[in-house]
Peer 1: 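Pasting in a structure now, in structure tokens, and then I'll have a few things to ask.
A, B, ... follow the sequence lines: proteins, then strands. Residue 1 opens every chain.
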There are 2 protein chains.
Amino acid sequence: MKLDKVPEVVIQRLPRYYRYLGELLEEKTNRISSMELSRRMGLTSSQIRQDFCSFGEFGLQGYGYNVKYLREEIGKILDLDRMKRMIVVGAGNLGQALANYQFDKVGFELIGIFDINPRLNGFAIRNIKVMMMDALESFVQENQVDIAVLTIPEEAALDVGMYLEKTGIQAIWNFTPVDLNTMLHICVKNVHLDENLMTLAYEYKNLLKKQA
Amino acid sequence: MKLDKVPEVVIQRLPRYYRYLGELLEEKTNRISSMELSRRMGLTSSQIRQDFCSFGEFGLQGYGYNVKYLREEIGKILDLDRMKRMIVVGAGNLGQALANYQFDKVGFELIGIFDINPRLNGFAIRNIKVMMMDALESFVQENQVDIAVLTIPEEAALDVGMYLEKTGIQAIWNFTPVDLNTMLHICVKNVHLDENLMTLAYEYKNLLKKQA
DNA sequence: TAGATTGTTAATCGATTAACAATC
DNA sequence: TAGATTGTTAATCGATTAACAATC
């Protein structure tokens, strides 16, 4: 039963399946049952079969799933094969850290870094020199840019976000604490680290309470 | 109807409520209705009332919610008041970036940074010198450490995670791509940046498809 | 063929939305 | 008092789990 639209919750789980299947491949395992995979991942086998069913039929009765094939299919759904071109906007600590990350494996290639601080002008990270923000517009016109990683201070987030949208960039990976997705019409994924840490604080409190 | 256990999904939303209520406070708004808040946040008013109801009664019929009071109560639930002591393990790009972050606002104080690279020994970030890993055990014994931020390479993640658990640290904010929560018995929050980026790739693909 | 395991339907569980009596 | 808005119950929706016929 191949659905037209894969449910959002399933999409959220795909990268994790992709990683586990990659690990299996490294262990030279070329087939796996939903039961065995469920044990490894801490899910139910029902959920795994239901998830895979939502975007196609990848298994074989009495056999299980072919690891390599299943992994490739998930990669296709997530569009990991096609290279996307990425720039980092905001070359502070976090921006530099992300610029050093190896996102090539998941299909992202870093082609530019931008900042407003003149002292960073020309400073190179992985052979890519930091450019000034006023050079961004022409850069986007001359180079196809798929996605901008936004690592600037909160105060500038909305302005720069709207500016990026205006240049024609259609996806933003947003590390500022501003909910840009509700304000822009392009594709935005928020990473709110502070919110994540707050939920950890809650869980930690509960752990301590249980021990007391 | 105050529930014994606040549902996980509600907890995930609390930091966002906390942030919006903080913004309202800065605008000197001291009361808000579920209807008005729902407009701002892009939720339904029903959900907001249902969420708040799950951990108490904070509103007043015909009036709405007192912004300052509601925010404080959410802060208490998340345990943001009590200061937690935090160390960063792995002083690479990401570790340094996080060490520079201001997490004091949400109740976390950085008290130590650790790495295995001797060249970083003594290098200071925000007045905190990087220490070598072999000094970690005695450091934990002499200082109460609540949480470790784990920003080390994937290969070392499991070993160091188990080591941290053994020292008595009870919470890990895990930035490695390893699912430590399934392997350790302490409180672990995973931040899998690569997985997050993969779901952005999926959404971006769909956006392009819609336009074609 | 017999055993194993999928794909899929049905049952359950939980979360969101709608509705409205209670009450400020 | 009249209007507004909560707290809460009921209805709906969606996601997870259970079960099993189909089939390799």
Side-chain angles (χ1 to χ4, degrees), chain A residues 1-17 20-21 24 29-74 77 182 199 202, chain B residues 1-17 20-21 24 29-74 77 182 199 202:
Chain A
M1 181 205 44
K2 184 159 174 168
L3 292 172
D4 291 344
K5 215 208 163 303
V6 184
E8 178 65 21
V9 275
V10 177
I11 297 298
Q12 298 292 334
R13 279 192 289 268
L14 289 188
R16 194 152 172 265
Y17 287 131
Y20 274 84
L21 291 167
L24 284 165
T29 308
N30 44 37
R31 61 177 268 201
I32 186 124
S33 70
S34 57
M35 191 60 209
E36 176 53 24
L37 188 58
S38 76
R39 258 186 239 111
R40 285 208 180 216
M41 296 184 66
L43 304 169
T44 66
S45 61
S46 248
Q47 180 167 59
I48 289 176
R49 290 200 301 281
Q50 204 61 285
D51 280 357
F52 293 167
C53 240
S54 69
F55 53 82
E57 297 177 23
F58 299 113
L60 212 59
Q61 278 100 332
Y63 172 87
Y65 299 88
N66 179 292
V67 174
K68 188 160 176 289
Y69 173 65
L70 179 58
R71 182 165 180 276
E72 280 168 4
E73 290 302 314
I74 291 176
I77 291 162
T182 60
T199 63
Y202 173 82
Chain B
M1 180 204 46
K2 183 159 177 170
L3 292 173
D4 291 344
K5 214 204 164 307
V6 184
E8 178 64 21
V9 276
V10 177
I11 296 298
Q12 298 292 333
R13 280 192 288 268
L14 290 189
R16 196 155 169 264
Y17 287 130
Y20 274 84
L21 292 168
L24 284 165
T29 308
N30 44 37
R31 62 177 263 201
I32 187 124
S33 70
S34 58
M35 191 61 209
E36 176 54 23
L37 189 58
S38 76
R39 259 187 238 110
R40 287 207 179 216
M41 296 185 66
L43 303 170
T44 66
S45 61
S46 249
Q47 179 167 59
I48 289 177
R49 290 199 301 280
Q50 204 60 285
D51 279 358
F52 294 167
C53 241
S54 70
F55 52 82
E57 296 177 23
F58 300 113
L60 212 59
Q61 276 99 331
Y63 172 88
Y65 298 90
N66 179 292
V67 174
K68 188 159 176 289
Y69 173 66
L70 180 58
R71 183 166 179 275
E72 279 168 3
E73 290 302 313
I74 292 176
I77 290 162
T182 59
T199 64
Y202 172 82

Peer 1: Rounded off to whole Å, could you give me the CG-to-P distance for the Leu43(A) and dA15(D) pair?
Peer 2: 16 Å
Peer 1: Taking the side chain as every heavy atom from C-beta outward, state whether Leu37(B) and Leu24(B) have any atom pair closer than 4.5 Å.
Peer 2: yes
Peer 1: Rounded to the nearest 0.5 Å, what's the gap from CE on Met41(B) to CD1 on Ile48(B)? Could you check?
Peer 2: 6.0 Å
Peer 1: Please identify which of these residues, Tyr65(A), Tyr69(A), Phe58(A), meets the ring-ring contact (aromatic ring centres under 6.0 Å, His included) condition with Phe52(A).
Peer 2: Tyr65(A)
Peer 1: Within less than 4.0 Å of OP1 or OP2 of dT16(D), is there a side-chain N or O belonging to Gln47(A)?
Peer 2: yes
Peer 1: Kindly indicate whether the side chain of Glu57(B) and the base of dT6(D) share any N or O donor-acceptor pair separated by less than 3.5 Å?
Peer 2: no
Peer 1: Which whole-number value in Å describes the distance from Glu36(A) CD to dT6(C) C1'?
Peer 2: 16 Å
Peer 1: Between P on dG7(D) and CG on Leu37(B), what's the gap in Å once rounded to a whole number?
Peer 2: 13 Å
Peer 1: Can you tell me how far P of dT5(C) sits from CG of Asn66(A), to the nearest Å?
Peer 2: 15 Å
Peer 1: Under 4.0 Å between a side-chain N or O of Arg13(A) and OP1 or OP2 of dT16(D)?
Peer 2: yes
Peer 1: Can you tell me the distance, in whole Å, between the CZ atom of Phe55(A) and the P atom of dT8(C)?
Peer 2: 13 Å
Peer 1: How close do Val6(A) and Ile11(A) get, counting heavy atoms only, and between which atoms?
Peer 2: CG1-CD1, 3.8 Å
Peer 1: Within the 4.5 Å heavy-atom criterion, are Asn30(A) and Lys68(A) side-chain neighbours or not?
Peer 2: no
Peer 1: Does dT16(C) have OP1 or OP2 under 4.0 Å away from a side-chain N or O of Thr44(B)?
Peer 2: no
Peer 1: Can you tell me which nucleotide in dT16(C), dT5(C), dC24(C) comes closest to the side chain of Gln61(B)?
Peer 2: dC24(C)
Peer 1: With both distances kept under 3.5 Å, what pairs with dC20(D), Watson-Crick or G-U wobble?
Peer 2: dG7(C)
Peer 1: In whole Å, what is the span from the CD1 atom of Ile48(A) to the P atom of dT5(C)?
Peer 2: 13 Å
Peer 1: Report the nucleotide, chosen from dG7(D), dG7(C), dA15(C), that has the shortest atom-to-atom distance to any side-chain atom of Cys53(B).
Peer 2: dG7(D)
Peer 1: Find out whether Tyr20(A) and Ile32(A) are in side-chain contact, i.e. whether some heavy atom of one side chain is under 4.5 Å from a heavy atom of the other.
Peer 2: no
Peer 1: Would you mind telling me which residue lines up with the more 5' stretch of DNA chain D, Arg49(B) or Gly62(A), judged by nearest nucleotide?
Peer 2: Arg49(B)
Peer 1: Rounded to the Å, how far apart are Asp51(A) CG and dT8(C) P?
Peer 2: 14 Å
Peer 1: Write down the distance between CE (Met35(B)) and P (dT5(D)), rounded to a whole number of angstrom.
Peer 2: 10 Å
Peer 1: Looking at the base of dT8(D), is there any donor atom on it, or on the side chain of Gln50(B), that sits under 3.5 Å from an acceptor on the other one?
Peer 2: no
Peer 1: Has Tyr65(B) got a side-chain N or O lying under 4.0 Å from the OP1 or OP2 atom of dG7(D)?
Peer 2: yes
Peer 1: Choose from dA15(D), dT16(C), dT5(C) the nucleotide whose nearest atom is closest to any side-chain atom of Val9(B).
Peer 2: dT16(C)
Peer 1: OP1 or OP2 of dA18(C) sitting under 4.0 Å from any side-chain N/O of Ser46(B)?
Peer 2: no
Peer 1: Side-chain N or O of Ser34(B) less than 4.0 angstrom from OP1 or OP2 on dT6(D)?
Peer 2: yes
